[in-house]
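Working notes for the structure below.
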Amino acid sequence: MKKTLTALGLAFVTGLAADPLLASAIVYPAKEQSNEQMEKDKGECYVWAQQQSGFDPMNPPTTTAQQAQTGSTG
């Protein structure tokens, strides 16, 4: 279980989940794991990855048009 959580956490930390289409990892139950336990593990993984990266892929920061223009003139 810990290896699965670590692998999923790394996917979030490395930015694979920055794209909303990739934010939902595909997870398979391990050795007759219940759906309830699998959902709990996914939730714990998400929270861990968010804490490690400081980024919440479900609530990304927004950029205004003014910020985008200012940043691209550099």
Lys/Arg N to Asp/Glu carboxylate O, E44 vs K40, below 4.0 Å: yes

Sidechain-backbone polar pair: Q33 side chain, A30 backbone, donor-acceptor under 3.5 Å: yes

Spacing of CD belonging to Q51 relative to CG belonging to D56, to within rounding of 0.5 Å: 11.0 Å

Validation row: Y46, M58 side chains within 4.5 angstrom (heavy atoms): yes

Exercise: do Q37 and D41 side chains pair donor with acceptor under 3.5 Å: yes

